[in-house]
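Chain identifiers are assigned alphabetically (A, B, ...) following the order of the sequence lines, protein sequences preceding nucleic acid strands; residue numbering begins at 1 within each chain. Values reported hereafter were calculated over all heavy atoms of this structure, with side chains retained and with hydrogens, waters and symmetry mates removed.
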Protein chains: 2
Amino acid sequence: MAATRTTEREPLSRDRVLAAAAALADAEGLPAVTMRRLAADLGVEAMSLYHHLPGKGGLLDGLVETVIVEIEAELARSRPATEDTDGTDGTDWRDDVRRRCLSARTVMVRHPWAPGLISSRPTIPPAAYGYYEALLGSMIRGGLTYHLGHRALHSLGSMALGFAQEVFSPADSGGDLDPEAAEAEFAALAEVLPYMAAMAAAEMHDADDPTLGWCDSQSEFEFTLDLILDGLARANESPTQAR
Amino acid sequence: MAATRTTEREPLSRDRVLAAAAALADAEGLPAVTMRRLAADLGVEAMSLYHHLPGKGGLLDGLVETVIVEIEAELARSRPATEDTDGTDGTDWRDDVRRRCLSARTVMVRHPWAPGLISSRPTIPPAAYGYYEALLGSMIRGGLTYHLGHRALHSLGSMALGFAQEVFSPADSGGDLDPEAAEAEFAALAEVLPYMAAMAAAEMHDADDPTLGWCDSQSEFEFTLDLILDGLARANESPTQAR
DNA sequence: ACCTGAACACCGTTCAAGT
DNA sequence: ACCTGAACACCGTTCAAGT
């Protein structure tokens, strides 16, 4: 009842499974999405799903992926369809960041289970990195320093993807693997996420202890907190609280 | 190994169960906290727990409760031990709100599972209401309007309890129960949460459709987003980015 | 009153077997 | 290649029984 069963014998695919899972989560909440129930909705046995997905974890990662794809589709819809490259043109960073966050919110309202799911995943899905790369890119091109861009990513936290979590846990920046492997991984990352890599490099250069201290989450927290408190205090003084 | 087994036969109590659950979550993560495993840590059978807690949900609610108690303890520790009533004195609202959020963060760092747990609970734990009431109270006494106080609660969202969720879902303000029961509930709420009740009343009075529109989460979202974007733009212009 | 054992209806997942 | 049935090791919870 929850998922549209389409015909009766469509050959099952990763996309079809993910679509059914999203529909089920929309209709009955994420806890209802079990391998057995999902299979039943698809008119198939639970174990069949394992031919298209690596398991429950892979299913949840796939759900996150589809959510991010939806955000990007929403963003494209909200944008004048003129330019097709990533605009280094006159669009200012505030507009772009704002539109991205509003697109994310539109999708999160559509799928209320998404923020919780994203924040509960033990690993950050690769698609999310691309999303943050785009966000950072438009700020850097807009003239922000990497330092401020970094703080901005933290501050925007829950606005950008509906969850407030450290984007980079310390372990992510190559702490517990041997140096050469870490460097290779970083180089590979730099190719697909140039802005993120440049940001990490710039911040590591400035930090007292590059390997540990490049992202001081306590001061990021206080920066965001004061940003909000400053804004509230300003709103309190000026009577321009246009309802 | 995860929980301190203290002696061998201490008579088990709600508090002892909750403490063991928190210790287990700290040591091995929230997924490790199952009724059976928790009972084993306590040297008891799973079903014994039901004599002290109403079930798994009650256990999780209890965990949230202990986290909020810890935040309040942390707050007391961070505050000069002079005044013991809630200070209507010269302390300004920014200091108070800031200290509350920093206390919350201290506790969240200690219990990384807490933000996810709080945001995953289907119902907002009563203790959290008290926390928000205190937050709102110090802002109102500091001179903020109820409207701005309301927005502030939304904006502070994840800073205040580590999660970014609507504090009041529409259902909470008595939508689906009959009017007289809703009014009685509201009166009961007003007694223990006067600031929150006054805020809801003030906002309902201004709204176009009081029953539905008193909390427009879309405009709250945009307010917070613009608050952050304004702050970032300002930080970008002034070179006072004191590292 | 507090604790227990067996049982029930669920999970995710493995594995050998079908087609 | 894709799907399946039976089985395994887990869940939370009920219920009658112990002390």
Side-chain angles (χ1 to χ4, degrees), chain A residues 1-3 5-22 24-25 27-65 113 116-117 120-123 125, chain B residues 1-3 5-22 24-25 27-65 113 116-117 120-123 125:
Chain A
M1 203 67 214
R5 195 168 299 190
T6 56
T7 70
E8 193 56 76
R9 240 333 71 143
E10 203 166 340
L12 207 57
S13 66
R14 189 182 124 99
D15 281 350
R16 232 160 72 74
V17 173
L18 290 179
L24 178 54
E28 304 186 28
L30 200 57
V33 181
T34 69
M35 299 298 273
R36 289 169 138 106
R37 169 62 194 278
L38 179 56
D41 277 10
L42 286 160
V44 93
E45 227 59 30
M47 311 75 204
S48 305
L49 303 178
Y50 287 79
H51 290 271
H52 302 97
L53 288 161
K56 181 74 182 281
L59 172 69
L60 297 179
D61 286 337
L63 273 179
V64 172
E65 205 184 304
W113 43 267
L117 171 62
S120 76
R121 231 63 282 284
T123 180
Chain B
M1 202 72 212
R5 194 168 299 188
T6 57
T7 70
E8 191 57 73
R9 245 322 79 138
E10 205 166 339
L12 205 59
S13 67
R14 188 183 126 99
D15 281 349
R16 232 160 73 71
V17 173
L18 290 178
L24 178 55
E28 304 185 27
L30 201 57
V33 181
T34 69
M35 299 299 272
R36 290 169 137 106
R37 170 62 195 278
L38 179 56
D41 276 10
L42 285 161
V44 93
E45 228 59 31
M47 310 76 203
S48 305
L49 303 178
Y50 287 80
H51 290 271
H52 304 278
L53 288 160
K56 182 73 181 284
L59 172 68
L60 297 178
D61 286 337
L63 274 179
V64 172
E65 202 184 305
W113 43 267
L117 171 62
S120 76
R121 237 49 294 279
T123 179

Between atom [atom1] in [X] and atom [atom2] in [N], what is the gap in whole Å?
X: A/Leu42; N: D/dC3; atom1: CG; atom2: P; value: 10 Å
X: B/Leu49; N: D/dG12; atom1: CG; atom2: P; value: 10 Å
X: A/Leu53; N: C/dT13; atom1: CG; atom2: P; value: 11 Å
X: B/Arg37; N: D/dG12; atom1: CZ; atom2: C1'; value: 17 Å
X: B/Met35; N: C/dC11; atom1: CE; atom2: P; value: 19 Å
X: A/Leu38; N: C/dC11; atom1: CG; atom2: P; value: 12 Å
X: A/Arg36; N: D/dC10; atom1: CZ; atom2: P; value: 15 Å
X: B/Leu59; N: D/dC11; atom1: CG; atom2: P; value: 14 Å

A/His52 side-chain N/O to A/Val17 backbone N/O, donor-acceptor pair under 3.5 Å: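 Flag not set: sc A/His52 to bb A/Val17 has no pair under 3.5 Å.
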Going from [atom1] on [X] to [atom2] on [Y], what distance comes out if it is rounded to the nearest 0.5 angstrom?
X: A/Arg37; Y: A/Leu24; atom1: CZ; atom2: CG; value: 5.0 Å
X: B/Ser48; Y: B/Leu42; atom1: OG; atom2: CG; value: 9.5 Å
X: A/Leu59; Y: A/Arg14; atom1: CG; atom2: CZ; value: 9.0 Å
X: A/Leu18; Y: A/Leu53; atom1: CG; atom2: CG; value: 5.5 Å

Upstream residue (5' side of DNA chain D) when A/Glu45 and B/Gly57 are each assigned their closest nucleotide: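 Here A/Glu45 is the residue nearer the 5' end.
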Measure from the side chain of [X], starting at C-beta and using heavy atoms only, and say which of [options] lies closest.
X: A/Val44; options: D/dT4, C/dT13, C/dC3; result: D/dT4
X: A/Lys56; options: D/dG12, C/dT13, C/dC3; result: C/dT13
X: A/Ser48; options: D/dA6, C/dG12, D/dC3; result: D/dC3
X: B/His51; options: D/dT13, C/dG12, C/dT4; result: C/dT4

Sugar-phosphate only, base, or nothing, as touched by B/Met47 at under 4.0 Å among non-hydrogen atoms: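 The residue B/Met47 makes base contact.
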Short side-chain N/O contact from A/Tyr50 to OP1 or OP2 of C/dT13, under 4.0 Å: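 The answer is yes; a side-chain N or O of A/Tyr50 sits under 4.0 Å from OP1 or OP2.
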Under 4.0 angstrom between B/Thr34 side-chain N/O and D/dC11 OP1 or OP2: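 Yes, such a contact exists.
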Watson-Crick/G-U partner (both atom distances under 3.5 Å) of C/dG5: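 C/dG5 is paired with D/dC15.
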